Amino acid sequence: MTFSLNQLNLGAATRPYIHSRPFAVFLWLVINLASFGFEFKQWRQRRAEATKTDRGSFALLMAGAAVGLVLLVSAPTLAPAAAIRPTGAAFAVGMALFLAGFGMRRWSEVTLGRYFTFMVMTSAEQPVITSGPYRFVRHPGYTGVLLILLGSGLVTGNWIGLAGWTLLVMAPLLYRIHVEESALLAAVGDRYRAYASVHKRLIPLVW
C-alpha cells in the first residue's frame, strides 16, 4: 500500500501542473482565447496599396505551428520522463513568459498600426518605424512570438514538447524574417538599411 501511494504521489509530482489544476486550465484557456482574438483581428488587416512579397513564409509558419502544436500537446503523455520540474514553477514562469510575449505582440501591433500585417506586404512610401518596441529590435512582434513559444512549452510542462514546438515554429519564422527584410530593403532601401545597421533582429545586443 505504501509503495502504491508513493507511486501515485510521484506521478502527481511529475504531471504538468496544468493537468491537475482546474483553475490553471481555465486561466490558460482564457488567456489563449484572448490572444487568438487579437491575432484574428490583425489577420484580417490588409493594405490595398502594398505589394504582397510573402514567398510562402506564412504558409510554412502555419504548417510548422500545426505540427509543433501536436507535439506540444502530446509530449507529456508520450514522454512523461521529460517532465519539467518543479511543475508549479514551470507553470508560473511559463505564464509570465507567455503574457510578456502577448504584451510585446500587442505593443508591436499598436506601434505599427496599419503596417502590421500577417502577410509580408511592402510599399515604397511606407515609413521605417523606430518608436515603441522598434527602438530595441527590428522585429519585436517576433520576439513576442519567441516568448509565447517558450511560455507555452513551460506551461505544458515537457522538455521534448518545449524543444520541438519552439524549433518547428522558429525555423520557418527565421525564413520569414529573411523574406521580410529582403522585401523592406527592396521597397524602402537605404532608410531600412540604416535602421537595420544599428538594431538587432530579435534579441537586443545578441541577434
Side-chain angles (χ1 to χ4, degrees), residues 1-40 42 61-62 64-110 132-133 135-137 139-174 177 200-207:
M1 178 65 74
T2 301
F3 179 71
S4 297
L5 288 174
N6 287 338
Q7 280 187 313
L8 288 173
N9 290 334
L10 180 60
T14 56
R15 277 193 305 165
Y17 187 84
I18 197 171
H19 286 187
S20 58
R21 301 295 195 283
F23 82 91
V25 175
F26 176 76
L27 179 61
W28 185 234
L29 287 174
V30 169
I31 289 173
N32 274 274
L33 284 172
S35 178
F36 177 80
F38 278 103
E39 296 292 344
F40 181 73
Q42 289 301 130
L61 185 59
M62 291 299 99
V67 176
L69 185 60
V70 172
L71 179 59
L72 181 69
V73 172
S74 61
T77 301
L78 297 176
I84 302 174
R85 290 175 277 184
T87 59
F91 179 81
V93 174
M95 286 292 293
L97 287 175
F98 188 96
L99 290 172
F102 177 83
M104 181 64 76
R105 289 279 295 173
R106 303 292 79 76
W107 190 15
S108 302
E109 289 170 8
V110 170
R135 291 175 293 173
F136 310 110
V137 289
H139 304 281
Y142 299 150
T143 302
V145 170
L146 177 58
L147 291 172
I148 287 171
L149 293 174
L150 296 175
S152 301
L154 287 171
V155 165
T156 52
N158 187 276
W159 288 115
I160 292 176
L162 168 60
W165 160 244
T166 302
L167 290 173
L168 283 164
V169 177
M170 284 305 298
L173 188 64
L174 293 178
I177 288 173
K200 299 295 184 181
R201 290 181 176 88
L202 290 181
I203 305 171
L205 306 177
V206 178
W207 186 79

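Computed from a prediction, not measured in an experiment: that's the story for all the values here.
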request  = List the steps and the verdict of side-chain contact (heavy atoms from CB on, under 4.5 Å) for Leu162 and Thr156.
outcome  = CA-CA 8 Å; Leu162 168 60; Thr156 52; over 6 Å; no
Can you confirm whether [X] sits close enough to [Y] that some side-chain heavy atom of one is under 4.5 Å from a side-chain heavy atom of the other?
X      : Y      : result
Met95  : Ile31  : yes
Leu97  : Val93  : yes
His19  : Pro76  : yes
Leu202 : Met170 : yes
Thr87  : Pro16  : no

Of all heavy-atom pairs between [X] and [Y], which one has the smallest distance, and what is that distance?
X      : Y      : value
Ile18  : Val25  : O-CG2, 3.0 Å
Arg105 : Val145 : NH1-CG2, 3.7 Å
Gly141 : Ser108 : N-OG, 3.2 Å
Ser152 : Trp165 : CB-NE1, 3.6 Å
Ala90  : Ile84  : CB-CG2, 3.7 Å

query = Is the number of heavy atoms from other residues, nucleotides or ligands under 6.0 Å of Phe36 CZ greater than 12?
reply =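 No.
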message = Counting only heavy atoms from other residues, nucleotides and ligands, does the tally under 6.0 Å from CH2 of Trp107 exceed 12?
response =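 More than 12 heavy atoms, drawn from other residues, nucleotides or ligands, come within 6.0 Å of this atom.
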Distance, nearest 0.5 Å, that separates [atom1] of [X] from [atom2] of [Y]:
X      : Y      : atom1 : atom2 : answer
Leu149 : Leu167 : CG    : CG    : 10.0 Å
Leu168 : Leu69  : CG    : CG    : 10.5 Å
Phe40  : Ser35  : CZ    : OG    : 13.5 Å
Tyr142 : Met104 : OH    : CE    : 14.5 Å
Leu61  : Leu173 : CG    : CG    : 6.0 Å

task = Begin from the C-alpha positions of Lys200 and His139 and carry the test side-chain contact (heavy atoms from CB on, under 4.5 Å) through to its verdict.
result = CA-CA 8 Å; Lys200 299 295 184 181; His139 304 281; over 6 Å; no
inquiry  = Whether the side chain of Asn158 engages the backbone of Ala79 through a donor-acceptor N/O pair (distance < 3.5 Å, no angle test) should be reported.
reply    =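 Here the side-chain-to-backbone pair exists.
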ask   = Trp28 and Phe98: ring-ring contact (aromatic ring centres under 6.0 Å, His included), yes or no, with the steps?
value = CA-CA 10 Å; Trp28 185 234; Phe98 188 96; 4.9 Å; yes
ask   = Is Arg106 positioned over the aromatic face of Phe102, cation under 6.0 angstrom from the ring centre and no more than 45 degrees off axis?
value =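 The answer is yes, since Arg106 meets both limits relative to Phe102.
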key: Set of residues satisfying ring-ring contact (aromatic ring centres under 6.0 Å, His included) with respect to Phe26, sequence neighbours excluded   =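 For Phe26, no residue satisfies ring-ring contact (aromatic ring centres under 6.0 Å, His included) once neighbours in sequence are set aside.
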inquiry  = Go through it in stages, so that I can follow the logic: the residues are Thr166 and Leu150, the test is side-chain contact (heavy atoms from CB on, under 4.5 Å), and I'd like the CA-CA distance, side-chain angles, deciding distance and then a yes or no.
reply    = CA-CA 7 Å; Thr166 302; Leu150 296 175; 4.1 Å; yes
